[in-house]
Amino acid sequence: MKRDIDYIVKDGEVLIVDEFTGRIMYGRRYNNGLHQAIEAKENVKIADESKTLATITFQNYFRMYNKLSGMTGTAMTEEEEFREIYNLDVISIPTNKPMIRIDQNDVIYKNENAKFRAIVEDIKQSHAKGQPVLVGTISIEKSEKLSNILKREGIPHEVLNAKFHEKEAEIIAQAGKYGAVTIATNMAGRGTDIMLGGNSEFLALQEMRKRKVPEELIEQATAFNETDDQDILQARKDFKELKAKYDETIKEEKEKVIEAGGLKIIGTERHESRRIDNQLRGRSGRQGDNGESRFYIGLDDDLMKIFGGDMITNVYNTLGADENIPIESSIISNAVEKAQKRVEGRNFSIRKNVLQYDDVMNVQREIIYKQRKEVLDGENLKGNITSMIKSVAEEVTSMYAGEEGNKEALVQEINNIFGIDIANKVNELHGQDLSNYIEEEALKIYENKEKEVGTEALRELERVVMLKVVDQKWMDHIDNMDELKDGIGLRAYGQSNPVDKYRIEGFDMFDEMIANIKVDVVKLILHLQKREEIKRTQTIQITKAAQESLNSINFESSSDPHKTQNNESKVNTTVVNSGPKVGRNDPCPCGSGKKYKNCCGRNE
């Protein structure tokens with residue numbers, strides 16, 4: 001990860017830079033400790049590791065919509081991906097006016113320094129005749145390097161990158177003025193037209209700001225909604241007058257820019273994606289305007305290093321050619337485009353692979369979120385809780401079935417989950433009979449809880465408990481699935497399809513999570529205890545019914561060895577393990593013969 005390429009450091013904070021738009025991605029952090037590693041490298045305060053609460057790929061997010069459509073000037077290069085992932089056709093619509101921009105062949109130089117010297121010379125020539133120039137770079141580092149060279153040459157210019165994001169619209173709007181030179185890192189989605197001679201609309205709004213017009217009125221000045229508000233109507237009138245005034249001023253300058261050749265686009269290197277190059281190139285030649293574009297390539301550019309740059313370098317060295325002599329050939333331009341297609345194909349394969357894994361998670365995600373939505377919508381969960389009690393009773397009983405030496409562990413487990421002592425019954429009842437007895441006793445406790453705390457309060461508490469348990473288990477499951485995915489690729493060495501193995505093992509883990517959710521929900525509900533005069537600080541807004549019940553009910557388990565002795569609930573608890581650590585797959589120390597994760601460690 002490189003500073004001013006992948007991220008920037010601003011106000012003592014490491015901020016990620018979007019590789020496609022060049023914008024800062026506020027609030028986003030790398031996971032698996034990578035962000036902390038970068039913070040350590042840059043000697044800034046190391047923040048806590050973030051916890052993933054939910055995850056989805058863009059593809060599955062978009063596929064949740066009933067209808068999908070879009071419009072962009074650069075979709076044709078990604079036609080295959082739109083068709084395969086979203087089942088969408090891409091249709092090319094002819095331009096409104098004939099496109100007269102001249103797209104020059106790429107020029108190739110031996111190294112970056114020779115390339116930058118040629119770029120600066122090209123900028124100087126265009127600037128001298130008043131032709132506006134927009135220079136596209138692929139990183140903040142490259143934009144600042146070029147800016148420093150232009151400063152030494154005395155060429156006035158503006159720089160647009162993630163460090164100067166606030167001035168984005170202002171810089172772009174005036175990039176078409178006579179003699180303007182603008183350096184920009186990635187032109188994707190900038191949302192502001194570059195008009196030859198300048199942008200009269202932007203200048204009019206700027207003038208309104210100078211006149212201290214409130215920002216909310218400035219926003220309404222360009223809107224078209226019906227209104228009787230006299231202040232808004234006056235703002236719209238002022239805007240129209242100012243725009244008409246600047247239109248006249250710009251008209252003469254626009255003619256001068258057209259005479260100079262229109263907006264010139266210079267690309268300092270080819271991007272991995274042709275779409276990004278096309279977005280840069282497409283800033284010139286809008287609505288029938290004239291203009292030109294050219295990309296400069298160095299043999300030490302990343303794209304050329306990957307695809308055949310060494311071969312051309314060898315030709316240079318063999319011929320003993322001067323590094324300042326460029327190679328200009330449509331054959332090389334086509335070769336570069338083929339290289340880009342190969343990189344795009346590779347990137348598409350990566351995205352497709354990620355999607356295949358997320359499709360597995362998507363099925364699980366839909367099950368969990370459907371359940372969450374039912375809980376949030378206030379569905380009565382009594383039937384669910386009853387069903388869970390029956391299911392847990394059967395699962396726990398069957399787990400210890402046929403193991404004579406493990407009756408003590410079964411008694412302990414039943415007491416831990418249900419709060420029922422079956423020490424006297426474990427010898428006389430077996431199998432389904434024992435399961436039925438546990439279920440009957442648990443349902444009696446459940447009915448008594450309802451009488452004790454009230455029907456309405458218990459229904460609300462059931463929803464609170466269900467959400468608490470499901471959310472915690474789901475977050476842990478996301479982490480576990482990530483760990484599984486990290487190593488699953490090695491299955492290919494055993495002639496197995498990693499995605500198939502991920503699907504099979506992922507659903508085994510999902511089934512285990514569902515079983516654990518049932519156990520925890522039953523355990524919490526059946527161990528609710530009513531307390532009088534409890535002191536509680538409300539920290540979240542909840543329903544009235546839940547608040548009333550929470551004032552008199554504590555979530556403590558009567559069999560919990562870490563039970564708090566005061567009347568205030570503890571949120572964070574430090575657990576200290578005494579004795580040797582037992583691995584999840586090790587034999588359980590209780591002597592059952594089962595793995596620890598399937599026995600005493602089941603609920604950890």
Side-chain angles (χ1 to χ4, degrees), residues 50-55 364-389 391-392 395 416-419 442 445-446 449-450 452-481 509-531 534-564 567-575 602-604:
S50 55
K51 177 78 174 172
T52 303
L53 304 179
T55 173
Q364 301 177 8
R365 191 184 294 126
E366 285 171 2
I367 294 169
I368 287 294
Y369 285 0
K370 181 173 180 283
Q371 187 180 32
R372 279 190 96 257
K373 193 171 188 308
E374 288 170 357
V375 176
L376 288 168
D377 288 344
E379 186 173 295
N380 189 324
L381 297 180
K382 184 170 183 176
N384 300 61
I385 303 297
T386 304
S387 174
M388 284 181 181
I389 289 172
S391 175
V392 172
E395 284 179 20
N416 185 35
I417 297 171
F418 299 97
I445 295 171
Y446 181 47
K449 294 291 176 191
E450 189 165 344
E452 183 184 359
V453 302
T455 300
E456 188 183 348
L458 187 61
R459 293 294 86 81
E460 183 68 22
L461 281 165
E462 285 166 355
R463 285 191 282 273
V464 172
V465 168
M466 183 74 85
L467 282 174
K468 167 190 163 75
V469 174
V470 167
D471 286 354
Q472 185 57 54
K473 296 294 183 188
W474 178 244
M475 286 189 291
D476 292 342
H477 183 66
I478 289 172
D479 290 342
N480 293 337
M481 290 294 281
M509 289 164 62
F510 184 73
D511 287 343
E512 188 178 338
M513 178 193 71
I514 294 295
N516 289 336
I517 286 173
K518 290 177 185 176
V519 169
D520 281 14
V521 169
V522 169
K523 186 176 177 181
L524 278 167
I525 293 294
L526 296 186
H527 285 92
L528 286 173
Q529 286 189 320
K530 189 167 183 176
R531 296 283 192 85
I534 228 167
K535 283 171 63 181
R536 182 178 297 277
T537 304
Q538 184 176 343
T539 56
I540 54 171
Q541 190 173 4
I542 55 178
T543 63
K544 187 179 177 184
Q547 183 56 46
E548 289 172 354
S549 57
L550 285 171
N551 284 337
S552 59
I553 297 169
N554 196 345
F555 283 114
E556 292 172 6
S557 163
S558 58
S559 60
D560 186 357
H562 300 292
K563 183 174 175 182
T564 53
N567 285 333
E568 293 184 7
S569 62
K570 299 289 184 184
V571 178
N572 297 312
T573 308
T574 302
V575 180
R602 181 181 175 86
N603 298 318
E604 287 188 4

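The structure displayed is predicted, hence computed values, not measured ones.
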Hey, mind stepping through Asp471 and Arg372 against side-chain contact (heavy atoms from CB on, under 4.5 Å) and telling me if it holds? CA-CA 9 Å; Asp471 286 354; Arg372 279 190 96 257; 2.6 Å; yes
First locate atom OG1 of Thr55, then atom CE of Met475, and finally report the distance between them rounded to the nearest 0.5 Å. 13.5 Å
Could you state the interatomic distance from CD (Gln371) to CG (Leu376), rounded to the nearest 0.5 Å? 11.0 Å
Is the closest side-chain heavy-atom distance between Leu458 and Glu462 below 4.5 Å? yes
Enter the distance from Arg365:CZ to Met481:CE here, rounded to the nearest 0.5 Å. 10.0 Å
For Phe510, ring-ring contact (aromatic ring centres under 6.0 Å, His included) partners two or more places apart: His477
Are Phe418 and Ile389 close enough that some pair of their side-chain heavy atoms sits under 4.5 Å apart? yes
CD1 (Ile525) and CG (Leu461) are apart, to the nearest 0.5 Å, by 7.0 Å
With rounding to the nearest 0.5 angstrom, report the CG to NZ distance, Asn516 to Lys518. 11.0 Å
Quick one: does Gln364's side chain get under 4.5 Å of Met513's, heavy atoms only? no
Glu379 vs Arg463, test: salt bridge (Lys or Arg N to Asp or Glu O under 4.0 Å). Steps then yes/no. CA-CA 8 Å; Glu379 186 173 295; Arg463 285 191 282 273; over 6 Å; no
Side-chain (Thr386) to main-chain (Lys382) donor-acceptor, under 3.5 angstrom: yes
Under 4.0 Å between a Lys/Arg side-chain N and an Asp/Glu carboxylate O for Lys370 and Glu366? no
Residue set satisfying side chain to side chain donor-acceptor pair (under 3.5 Å) with Asp377, at least two apart, ordered chain then number -> Lys373
Short side-chain to backbone donor-acceptor contact, Arg459 and Gly378, under 3.5 Å: no
If I take atom CD1 from residue Ile445 and atom NE2 from residue His527, how far apart are they, to the nearest 0.5 angstrom? 7.5 Å
Could you tell me whether the side chain of Lys449 and the main chain of Leu528 form a donor-acceptor pair under 3.5 Å? yes
Taking the side chain as every heavy atom from C-beta outward, state whether Leu524 and Lys468 have any atom pair closer than 4.5 Å. yes
